[in-house]
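Hydrogens, waters and symmetry mates are skipped; everything else that's a heavy atom, side chains included, is used. Convention: sequence-line order gives letters A, B, ...; per-chain numbering from 1.
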Protein chains: 2
Amino acid sequence: MTSTDATPPLPPLRPTRQRRAVVEAMASFADFRSAQEIHELLGERGEQVGLATVYRTLQRLADAGEVDVLRTEDGEAIYRRCSDSHHHHLVCRSCGATVEVEGPTVERWTSAIAAEHGYADVSHALEIFGTCPRCR
Amino acid sequence: MTSTDATPPLPPLRPTRQRRAVVEAMASFADFRSAQEIHELLGERGEQVGLATVYRTLQRLADAGEVDVLRTEDGEAIYRRCSDSHHHHLVCRSCGATVEVEGPTVERWTSAIAAEHGYADVSHALEIFGTCPRCR
DNA sequence: GACATGTTGACAATCATTCTCAAATAACCT
DNA sequence: AGGTTATTTGAGAATGATTGTCAACATGTC
């Protein structure tokens, strides 16, 4: 421990055309999209990027906290740029109608609970399900 | 609209050996397990049930609100009997250590939000992620 | 420019989950 | 009981998202 050997083993990360394209694509919408949808979007934009690369890049971005990841009810991963306002989803079990909700309550509670147990770098995912007015 | 033709098209549902076996298996543990794990468990118990049947039954139970379904971060569906005490999970991003937490705060907030938007039969899923003390 | 690495893409490989369909079995009716 | 019909089951094929493989490529550096 001679000096500042605290450098984490993080690889350099290069600004490639593909990487840029994915980031730009992510900037072009505000909702959650699947990797495949994003891949398509890139195609339409004329940016040819391999599907595997899209997956890899999305993962990197997620690890880096640049994007949020969620799972649809059937297990598909969906991504969104992270994020102006952190919010949650109120989803209708019957018709799928979604309302975005947010509030400091949950944020505070989760932080408190996590701190209480000594957890750091806290994040959370909350989904609320119910039957919407139109489906009652 | 002559009379009470309000009967929904729900099929009968039969109490088969397999169905019973799955329900019993679900009663035998309190945490979340994957369909495959449950299938194994059944095998160990000497109850031979096809994997597809396990999936089908689990789905039925979930639809009926008999079990809770969640998704692991890698998209696997996990099930648990629904449920003595409703609680959430505080999961370590690094080592996976899990703490079960609960509290009226979130319950209240979600109910309030849902009501506010006219949603009924509310339920929710909340997962908190962070880095646990041992992994810091 | 030449080199050492991080990256990419095409395609194969995984893996959970769903589908298919003939055989087994409840529930019913007589 | 015997016969009839709608469900359910199981084995294996099929699907579909995601990840792994590996040779060809692109970047940053000297």
Side-chain angles (χ1 to χ4, degrees), chain A residues 7-26 32-64 66-80 125, chain B residues 7-26 31-64 66-80 96 125:
Chain A
T7 314
L10 295 173
L13 231 310
R14 289 175 184 170
T16 63
R17 175 181 66 77
Q18 293 85 337
R19 219 98 93 174
R20 266 189 300 275
V22 172
V23 172
E24 277 174 36
M26 292 305 289
F32 283 92
R33 305 280 177 93
S34 73
Q36 317 247 1
E37 287 172 335
I38 294 167
H39 177 247
E40 265 186 56
L41 182 57
L42 285 167
E44 292 167 11
R45 289 185 152 217
E47 287 286 4
Q48 193 61 27
V49 181
L51 180 57
T53 301
V54 173
Y55 273 105
R56 280 184 293 236
T57 305
L58 250 18
Q59 269 184 188
R60 291 284 190 96
L61 291 174
D63 289 345
E66 304 279 329
V67 303
D68 288 335
V69 193
L70 225 59
R71 291 276 172 181
T72 66
E73 281 206 62
D74 54 297
E76 217 183 347
I78 48 180
Y79 309 81
R80 147 192 96 170
Chain B
T7 314
L10 296 173
L13 232 308
R14 290 174 184 171
T16 64
R17 175 181 67 76
Q18 293 85 336
R19 221 97 93 172
R20 266 189 300 274
V22 172
V23 173
E24 278 175 34
M26 291 304 290
D31 53 335
F32 283 92
R33 305 279 177 92
S34 73
Q36 317 247 0
E37 288 172 334
I38 294 166
H39 177 247
E40 265 186 56
L41 182 58
L42 284 166
E44 292 167 10
R45 289 185 152 216
E47 287 286 5
Q48 192 61 27
V49 181
L51 180 57
T53 301
V54 173
Y55 273 104
R56 280 185 293 235
T57 306
L58 250 17
Q59 267 184 189
R60 293 283 189 96
L61 291 174
D63 288 345
E66 303 279 330
V67 303
D68 288 336
V69 193
L70 225 59
R71 290 276 172 181
T72 66
E73 280 205 64
D74 54 297
E76 217 183 347
I78 47 180
Y79 309 81
R80 150 193 94 170

Report yes if the side chains of [X] and [Y] come closer than 4.5 Å at any heavy-atom pair, otherwise no.
X	Y	value
A/Met26	A/Tyr79	yes
A/Glu24	A/Arg45	yes
B/Asp68	B/Phe32	yes
B/Asp31	B/Arg80	no
B/Glu47	B/Gln18	no
B/Arg33	B/Ile78	no
A/Tyr55	A/Gln36	yes
A/Arg19	A/Thr16	yes

Exercise for the section: Please state whether the phosphate of C/dG9, meaning OP1 or OP2, lies under 4.0 angstrom from any side-chain nitrogen or oxygen of A/Gln18. Expected result: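 So the side chain of A/Gln18 is within the cut-off, an N or O lying under 4.0 Å from OP1 or OP2 of C/dG9.
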Roughly, in whole Å, what's the span from [atom1] in [X] to [atom2] in [N]?
X	N	atom1	atom2	value
A/Leu61	C/dT7	CG	C1'	14 Å
A/His39	C/dA10	NE2	C1'	11 Å
B/Arg19	D/dG10	CZ	P	11 Å
B/Glu47	D/dG10	CD	C1'	15 Å

Exercise for the section: Summarise how protein sits on nucleotides 23-30 of chain D as a single string, 5' to 3': B when a protein heavy atom is under 4.0 Å from the base, S for sugar-phosphate-only contact, - for no contact. Expected result: ---BBS--
Fill in the blank from the handout: Once base and sugar-phosphate atoms are separated, protein heavy atoms under 4.0 Å mark nucleotides 15-22 of chain D, 5' to 3', with B, S and - as --SBBBB-
